[in-house]
Protein chains: 2
Amino acid sequence: MSQTVDRALSILPLLAEGPADLGQVADRLGVHKSTALRLLRTLNEHGLVYRQSDQRYRLGARLFALAQEAVENLDVREIAHPHLVRLNESCGHTVHLAVYEDGEVLYIDKVESRYPVRMYSRIGKPVAITVAAVAKLLLADLPEAERRAVAEGLDYPRYTARSTPDASAFLKELATVREQGWATDLGGHEESINCVAAPVRGADGRVAAALSVSAPNVVVTAEELLTLLPLVRRTADAVGRDYSGQAPTPDDPKE
Amino acid sequence: MSQTVDRALSILPLLAEGPADLGQVADRLGVHKSTALRLLRTLNEHGLVYRQSDQRYRLGARLFALAQEAVENLDVREIAHPHLVRLNESCGHTVHLAVYEDGEVLYIDKVESRYPVRMYSRIGKPVAITVAAVAKLLLADLPEAERRAVAEGLDYPRYTARSTPDASAFLKELATVREQGWATDLGGHEESINCVAAPVRGADGRVAAALSVSAPNVVVTAEELLTLLPLVRRTADAVGRDYSGQAPTPDDPKE
DNA sequence: CGACGCGTTGCATCATATGCAACGCGCGTT
DNA sequence: AACGCGCGTTGCATATGATGCAACGCGTCG
């Protein structure tokens, strides 16, 4: 909508591919060098791009800060975190929390073993949206039209023999998932990894997030993992209750 | 330099404080609502802001992706990582890698115990620049003028009794550090934590990064930690050699 | 020593961002 | 139920501010 800003922001993904010099940026944008220079300078002042010693530009440190603060604003995460920890303590396996946004599914929290690690490393990387149990739950809840549009716009990589092969299979799976209210990924992403997931519903009944438990089948078989389903669902429901009894100040649950 | 872009980018830190609606954004920017709307729309198209269901805006998912890619472009990290792991295996303590950028010091990698955890959680958050051993090394190497400017622009929080109290003490410490070629933080940030750090020098001899070993003094005393100094320095030198024997394709070190 | 490549600057032009005013809509109030 | 307020949205005339050009500085390579 705003050409200047549009151009400036187009520089960011461009630099994400690697450092570039002024000429390269100007060429890729299709603008004059002096224009690119001014845009880069502005981005630079805001810390979004950094000028390294060889004069080339790369993405800047402020991006980290912003991403950091962005994730901290996701209040589902805050509310859910203690529940994830408890769930992990009960079963010992890896626990993930994910949300849907703009055609993507993002992990926004993770608890592994006893080490509560903010798994920022996964955030931003494309989740295996066609196979991940949490993705199925989040997509299954989209309005019909959007669901179809998203499903048909996806690639369906064959991670394993059990990966979802195409859009129609995926939509069918989503229908099942919506029906039953939980989802699994049995070796669809990595041959030896299974997951069970359950939806976190907000006050409006829509799926606000999804949480999952994952384990390699050398530790527990898929059948054993499925026995955790009630626990997973109970946890997800508990999160949903906390979340929709929406306390902007969740430290004061009374009143 | 570019007013439009400048305004648009100013929205990001604003939203980092929390979700905001159109009116709030327009007010904070001091522009008309319609202007703010167009800027937000442009940011939205690029995924930097997200419009949540209550119509308010918050930071978007693309930020995660960009931050992710940005960190992957920091090639010091890639080159250094195996060294950090080896250092950790030798001594068992937490190992950090940090760089300086634009008045800030950032941790860009971390290895703890036997768990190779990407410490993205620290990235973007302000490092305790006035006391951290790595920060001292990175700042000590800045050109005189910039070093003074940075040092005098800092706050000097008294984390502990041994925190650096003010700019002049800090500059003095930096001089010492530059002289001796290594640095420590003995309880300057947290009473019971000590660090030793050494600089990673690039081909030009400048300090490109710094790495440190940290341990609580209930595990090892400061004196014992200091015995690791030769190992830390050797590791940092090794990273520097790898780094300045710059192989853009570090998997093929011959030729 | 000359020429090229690259980043940088000042400036005239006009494309483009801006603010205004009016509209639509949902929600709480009377 | 009707009204009015608040908020987001749209179209448009204006002039501000972004654009590309041409010229310059500077370092490097031939």
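Each chain gets a letter, A, B and so on, in the order the sequences are listed, and its residues count up from 1.
- Between B:His32 atom NE2 and D:dG11 atom C1' there is a gap of 13 Å when expressed in whole angstrom units.
- A sub-4.0 Å separation between OP1 or OP2 of D:dG20 and a side-chain N or O of A:Ser34 is absent.
- In this entry the distance linking CG of B:Leu43 with P of C:dA17 reads 13 Å, nearest Å.
- In this structure, B:Glu101 pairs ionically with A:Arg58, as a charged nitrogen and a carboxylate oxygen lie closer than 4.0 Å.
- Between B:Arg41 and D:dT10 there is a side-chain polar atom (N or O) within less than 4.0 angstrom of OP1 or OP2.
- Electrostatic pairing of B:Glu173 and B:Arg178 does not count as a salt bridge here, judged by no charged N lying under 4.0 Å from a carboxylate O.
- Contact annotation: A:Thr35 side-chain N/O to D:dA18 OP1/OP2 distance is not under 4.0 Å.
- In this structure, CZ of A:Arg7 is placed 7 Å from P of C:dT16, rounded to the nearest angstrom.
- Atom CG in B:Leu37 sits roughly 16 Å away from atom P in C:dC20 (whole-Å rounding).
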Show me, pair by pair, the donor-acceptor contacts under 3.5 angstrom made by side chains of residues 34-45 of chain B, not counting sequence neighbours?
residue, atom, partner, partner atom, Å
B:Ser34, OG, B:His32, ND1, 2.9
B:Thr42, OG1, A:Ser2, N, 3.2
B:Thr42, OG1, B:Arg38, O, 2.8

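- Rounded to whole Å, atom P of D:dT19 lies 12 Å from atom CG of A:Leu40.
- Summary of the strand contacts: A:Tyr57 and A:Ser2 both lie near DNA chain C, and taking for each the nucleotide with the nearest heavy atom, the more 5' one is attributed to A:Tyr57.
- For the pair A:Thr164 (side chain) and A:Thr130 (backbone), a donor-acceptor distance under 3.5 Å is present.
- When the P atom of C:dT18 is taken as reference, atom CD of B:Gln3 falls 6 Å away, rounded to whole Å.
- The distance from atom NZ of A:Lys33 to atom P of D:dG20 is 13 Å, rounded to the nearest whole Å.
- Whole-Å rounding puts the B:Arg38 CZ to C:dC20 P distance at 13 Å.
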